[in-house]
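These notes are about the structure you will find just below.
Throughout, a chain's letter reflects where its sequence line sits, starting with A, and its residues are numbered from 1. What you see is a predicted model; the values in this text were computed from it and never measured.
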Amino acid sequence: MKIYNTMTRKKEEFIPVEPGKVKMYDCGPTVYNYFHIGNARNLLVFDVIRRYFEFQDFQVTYVQNITDIDDKIIAQSIAEGISTEDVTAKYISAFLEDMDKLDIKKPDFQPLATQYIEKMIAFIQSLEDMGAAYESAGDVYFAVEKFENYGKLSGRKLKDLKVGARIEENEQKNSPFDFTLWKNAKPGEPAWQSPWGKGRPGWHTECVVMSRDLLGDTFDIHGGGNDLVFPHHENEIAQGESIAGHPYVNYWLHNGFLNIEGEKMSKSAGNFFLARDILQKYSAEAIRYFFLSKHYRSPIDFNEEIIIQSQAAVKNLYHSLKDIDYLNFSELPQYSALQMELRQQFINVMDDDFNTARALAIVFEAAKEVRNKNLVISERMAYARLMVELGEVLGFFRNLKEKLTDVDNFSAKTASLVEMLISYRQEFKKDKNWQWADRIRNDLAAIKIKLKDTPQGTEWEIEDE
RNA sequence: GGCGACAUCGCCAAGUGGUAAGGCAAAGGUCUGCAAAAUCUUCAUCCCCGGUUCGAAUCCGGGUGUCGCCUCCA
C-alpha cells in the first residue's frame with residue numbers, strides 16, 4: 001500500500017510501526033460552532049481511510065481530539081452570553097449528532113483538551129526544563145530556533161518566513177515565530193492552576209500530548225486539513241521531537257480544501273455552509289459521493305448542482321439492489337473469478353493513496369452487472385454482494401434494510417393511504433378514465449410521491465429532494 | 001517576495017510513456033393510455049506553442065489561465 005506523505009512529498013510504501021496495526025490521529029474540531037462542509041471533508045476522508053485499513057484487517061486505533069478550550073470558544077461564550085462550558089457542551093453534542101448523520105464511524109478515542117490539562121502542564125514543564133521553552137510574563141513559549149529542523153514538514157525556512165509574513169507584535173517573545181504553549185488568563189477567563197500561574201494551554205500542545213498518550217511517541221499516521229501543515233503540524237513536530245528525540249509521526253496526510261463556486265468559503269463572504277444545513281436537503285450518501293468522487297488531496301469545488309448530480313448517482317446504486325431484491329437473498333452468494341478480479345482492482349486502486357474516485361467507479365461497474373439481464377441470476381447476486389461489500393468500505397449502505405424498504409420517514413398509515421389511492425386509480429384506469437387517473441398521480445406527485453406503472457403493478461416511492 | 005497545486009466530453013471526475021475509467025445530463029430504441037421508472041444504444045484525443053520518443057493527456061522547456069499556503073482556519 002502506498003500513501004502520499006506530506007513530509008517527503010512522495011507516495012511511500014506504508015510500513016506500520018507495529019505489523020498489523022495502524023495508529024492514526026486526526027485533528028478534530030474546535031467546538032465553538034456547528035461544523036461546516038469543509039470540516040466534513042476531513043472527517044469523511046479519514047473515515048474512509050480508517051474503514052479501508054479495517055477492511056484490510058489492520059487493527060486500527062483512531063484518535064480524534066476535540067478542542068474545548070480556546071480563544072474562539074471564549075469569544076463565542078461572550079457572543080452567546082453563556083458560559084464556556086455551555087458553549088462546548090452544546091457544540092460537542094451537535095458535532096456528535098452531525099457525525100452520526102453523515103454515517104461517520106466514531107473514532108476509538110475522542111479526548112477533550114480539558115481532560116488533558118494536567119498532562120499538558122507536565123509536558124510543557126519538560127520542554128521548559130530542557131530549554132526548549134521559556135516563560136515570559138505568565139505565558140510560556142516554545143523557542144522555535146532551538147529546534148533545528150523547524151519547517152521540515154511545510155518546506156519553510158525561518159529566514160523565508162521573515163521576508164513576507166506579517167509578524168505578530170509581541171514583545172514577550174524572543175522570536176516572532178515562537179508559539180504559545182501556555183497562556184496567562186485574563187480575569188474572568190477559564191483558567192487552571194500551573195507552575196506559571198493561572199492560565200490555559202495553547203492549541204498546539206494538546207495534539208502532541210494526547211497522541212503520545214494514546215498512540216505512543218512515534219505513530220503511523222497524522223492527518224488534518226491542508227491548512228494545518230503550517231504552523232500547527234510543524235509546531236507539533238517541534239514539540240514531539242524535542243521531547244522524544246526521534247520522529248513523531250511516520251506519515252503525514254492532508255486533505256485539500258473545499259471552495260464554494262470557486263471562492264474560498266468564509267463567513268464574511270456569505271458563502272458559508274454548515275454540514276447540518278446541507279443534510280437538511282441532501283442525503284449523507286450524496287455528500288459522501290461528492291467528496292469521494294474527487295481525490296482527497298485535490299481542492300474540491302462545492303455547489304448545489306454537484307450535490308444534485310451526486311444524489312442521482314447514489315440512487316443508481318439503490319436501484320440495482322432493489323432490482324435484484326437484495327434483501328431477500330437467503331444466503332450470500334459465493335464470489336466467482338469475475339467478482340474476485342473486480343474486488344482485487346478495488347484493492348489496487350485504494351492501495352494507491354486511497355483513490356476513491358476509481359474505487360467508486362468499480363462499485364458502479366458492479367452495480368451495472370447486477371442489472372445485466374444477460375447474466376445468470378447467481379452471478380448477478382454475487383455482484384450485488386460485492387457491490388455492498390465494497391460500498392460499505394467507502395461508508396455507503398448504512399441501514400440498508402430501511403433504505404431499501406422506504407420505511408425510513410413514513411408511517412405505515414401513510415403507506416396504506418397511498419396504496420388506497422393507487423387502488424382507486426386502478427379502477428379509473430380500468431374504465432379508461434384517464435382524467436381522474438392522472439389527477440391522482442399528479443396530486444401525489446405534487447407532494448413528492450411518485451408513481452410508476454410497471455408490468456407487476458404500480459410502484460411508488462418518495463422522491464428525494 | 002517565498003512555497004505549492006491545478007487546467008481532460010455540456011457538468012463532476014480518473015488516468016504519471018502504449019493509444020482516453022466512472023457518474024450526472026443529453027439523444028434515439030424498447031416498454032406505457034400518456035407519463036415515470038427500468039433497460040439497450042450513442043456521446044471527448046486531453047489550455048496553447050515548441051521539444052524528447054517508434055509512441056505523450058502523461059516527460060522537458062516556454063506561454064496563458066485558475067487556485068491555495070506563508071495570519072485564526074479542516
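Distances were taken from every side-chain heavy atom of A:Ala361 (C-beta onward) to each of B:A74, B:A21, B:C69; the shortest belongs to B:A21.
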**Asked** Passes ring-ring contact (aromatic ring centres under 6.0 Å, His included), A:Tyr4 versus A:Tyr251? Steps please.
**Response** CA-CA 8 Å; A:Tyr4 183 90; A:Tyr251 303 89; over 10 Å; no
**Asked** Would A:Arg343 and A:Glu389 satisfy salt bridge (Lys or Arg N to Asp or Glu O under 4.0 Å), going step by step from the backbone distance to the final call?
**Response** CA-CA 9 Å; A:Arg343 192 173 183 277; A:Glu389 185 194 13; 2.9 Å; yes
**Request:** List the steps and the verdict of salt bridge (Lys or Arg N to Asp or Glu O under 4.0 Å) for A:Glu304 and A:Lys281.
**Result:** CA-CA 10 Å; A:Glu304 195 139 4; A:Lys281 234 177 151 186; 2.9 Å; yes
**Request:** Check step by step if salt bridge (Lys or Arg N to Asp or Glu O under 4.0 Å) holds for A:Lys152 and A:Glu241.
**Result:** CA-CA 12 Å; A:Lys152 67 176 176 178; A:Glu241 299 191 357; 2.8 Å; yes
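Scanning residues 363-376 of chain A for heavy-atom distances under 4.0 Å to RNA chain B yields A:Phe364, A:Glu365, A:Arg371.
Nucleic acid contact for A:Ala313: sugar-phosphate only, since backbone atoms but no base atoms lie under 4.0 Å from a heavy atom of the residue. Counting non-hydrogen atoms under 4.0 angstrom, A:Ile308 reaches nothing in the nucleic acid. Heavy atoms of A:Lys430 sit nowhere under 4.0 angstrom from any nucleic acid atom. At a threshold of 4.0 angstrom between heavy atoms, the contacts of A:Leu43 with the nucleic acid are absent. Residue A:Leu228 is classed as a sugar-phosphate contact, given heavy-atom separations below 4.0 Å to backbone atoms only. Note on A:Gly38: a base of the nucleic acid sits closer than 4.0 angstrom, heavy atoms only. Backbone-only engagement by A:Lys72 is indicated by non-hydrogen atom pairs under 4.0 Å involving sugar-phosphate atoms exclusively. Backbone-only engagement by A:Asn316 is indicated by non-hydrogen atom pairs under 4.0 Å involving sugar-phosphate atoms exclusively.
Annotation: A:Tyr32 is not in aromatic contact with A:Tyr91 [ring centroid separation under 6.0 Å not met]. Aromatic ring centroids of A:Phe397 and A:Tyr326 lie 6.0 Å or more apart.
B:A26 and B:A56 have their C1' atoms separated by 31 Å, with the value rounded to a whole Å. Separating the P atom of B:C54 from that of B:C70 is a span of 47 Å, rounded to the nearest Å. B:G18 and B:U45 have their C1' atoms separated by 14 Å, given to the nearest Å. Nucleotides B:C47 and B:A57 have their C1' atoms positioned 12 Å apart, rounded to a whole Å. Distance noted for atom P between B:C49 and B:C43: 26 Å (whole Å). A gap of 30 Å separates the C1' atoms of B:G68 and B:A25, to the nearest Å.
With sequence neighbours excluded, the residues satisfying salt bridge (Lys or Arg N to Asp or Glu O under 4.0 Å) with A:Arg425 are A:Asp453. For A:Arg398, the salt bridge (Lys or Arg N to Asp or Glu O under 4.0 Å) test picks out A:Asp100, A:Asp103, with sequence neighbours left out. Residues forming a side-chain hydrogen bond (donor to acceptor under 3.5 Å, both in side chains) with A:Lys11 (at least two apart in sequence, or on another chain): A:Asp352. Every side-chain hydrogen bond (donor to acceptor under 3.5 Å, both in side chains) that A:Tyr296 has, sequence neighbours left out, goes to A:Asp353. Remark: A:Glu285 engages A:Lys403 in a salt bridge (Lys or Arg N to Asp or Glu O under 4.0 Å) (not counting sequence neighbours). For the side-chain hydrogen bond (donor to acceptor under 3.5 Å, both in side chains) test, no residue two or more places apart in sequence or in another chain qualifies with A:Asn303. Taking the side chain to side chain contact (heavy atoms under 4.5 Å, CB included) definition, one finds that A:Ile278 meets it with A:Ile37, A:Phe273, A:Tyr282, A:Ile287, A:Phe302, sequence neighbours left out.
Within a 6.0 Å sphere centred on CH2 of A:Trp434, other residues, nucleotides and ligands contribute more than 12 heavy atoms. Atom CD of A:Glu341 is surrounded by 12 or fewer heavy atoms from other residues, nucleotides or ligands within 6.0 Å.
For A:His319 and B:A37, the shortest distance from a side-chain N or O to OP1 or OP2 is not below 4.0 Å. A close approach under 4.0 Å does not occur between any side-chain nitrogen or oxygen of A:Asn259 and OP1 or OP2 of B:G68.
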Grab the N/O contacts between the protein and nucleotides 8-13 of chain B below 3.5 Å, and write none if there aren't any.
{"from": "B:C11", "atom 1": "O2", "to": "A:Gln309", "atom 2": "OE1", "distance (Å)": "3.2"}
{"from": "B:C11", "atom 1": "O2", "to": "A:Gln309", "atom 2": "NE2", "distance (Å)": "3.3"}
{"from": "B:A13", "atom 1": "OP1", "to": "A:Lys294", "atom 2": "NZ", "distance (Å)": "2.8"}
{"from": "B:A13", "atom 1": "O3'", "to": "A:Ser293", "atom 2": "O", "distance (Å)": "3.4"}
{"from": "B:A13", "atom 1": "O2'", "to": "A:Ser293", "atom 2": "O", "distance (Å)": "3.4"}

Check nucleotides 27-29 of chain B for protein N or O atoms closer than 3.5 Å to its own N or O atoms and list the pairs.
none

Within the sub-3.5 Å range, which N or O atoms of nucleotides 42-44 of chain B have a protein N or O partner, and how far apart are they?
none

Pairwise N/O distances under 3.5 Å, protein to nucleotides 31-33 of chain B:
{"from": "B:G33", "atom 1": "O6", "to": "A:Arg425", "atom 2": "NH2", "distance (Å)": "3.3"}
{"from": "B:G33", "atom 1": "N1", "to": "A:Asp438", "atom 2": "OD1", "distance (Å)": "3.0"}
{"from": "B:G33", "atom 1": "N2", "to": "A:Asp438", "atom 2": "OD2", "distance (Å)": "2.9"}

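Here B:A21 sits opposite no nucleotide as a Watson-Crick or G-U wobble pair (both hydrogen-bonding atom distances under 3.5 Å). Base pairing annotation: B:G1 forms a Watson-Crick or G-U wobble pair with B:C70, both donor-acceptor distances under 3.5 Å. Across all strands shown, B:C9 forms no Watson-Crick or G-U wobble pair with both distances under 3.5 Å. B:A26: Watson-Crick or G-U partner is B:U42, with both key distances under 3.5 Å. A 3.5 Å limit on both hydrogen-bonding distances identifies no Watson-Crick or G-U partner for B:U58. Nucleotide B:C47 forms a Watson-Crick or G-U wobble pair with B:G63, both donor-acceptor distances falling under 3.5 Å. Across all strands shown, B:G33 remains unpaired; no Watson-Crick or G-U wobble contact has both distances below 3.5 Å.
Within the 3.5 Å criterion, the main-chain N or O of A:Gln110 finds no donor-acceptor partner in the side chain of A:Gln64. The backbone N or O of A:Leu386 sits nowhere less than 3.5 Å from a side-chain atom of A:Gln339 that would complete a donor-acceptor pair. A donor-acceptor pair under 3.5 Å links the side-chain atoms of A:Asp178 to the main chain of A:Val144, judged by distance alone. Between the side chain of A:Asp26 and the main chain of A:Gly28, no donor-acceptor pair closer than 3.5 Å is present.
We find that the ring of A:Phe257 and the base of B:A74 stack, their centres lying under 5.5 angstrom apart and their planes tilted less than 30°.
Taking atom NZ of residue A:Lys315 and atom C1' of nucleotide B:A36, one finds them 10 Å apart after rounding to whole Å. Atom CG of A:Asn65 is separated from atom P of B:A74 by 11 Å (rounded to the nearest Å).
Mapped onto RNA chain B by nearest heavy atom, A:Gly28 and A:Arg9 fall at different nucleotides, with A:Arg9 at the one closer to the 5' end. Each of A:Lys264 and A:Tyr4 has a nearest nucleotide on RNA chain B; the 5'-most of these lies closest to A:Tyr4.
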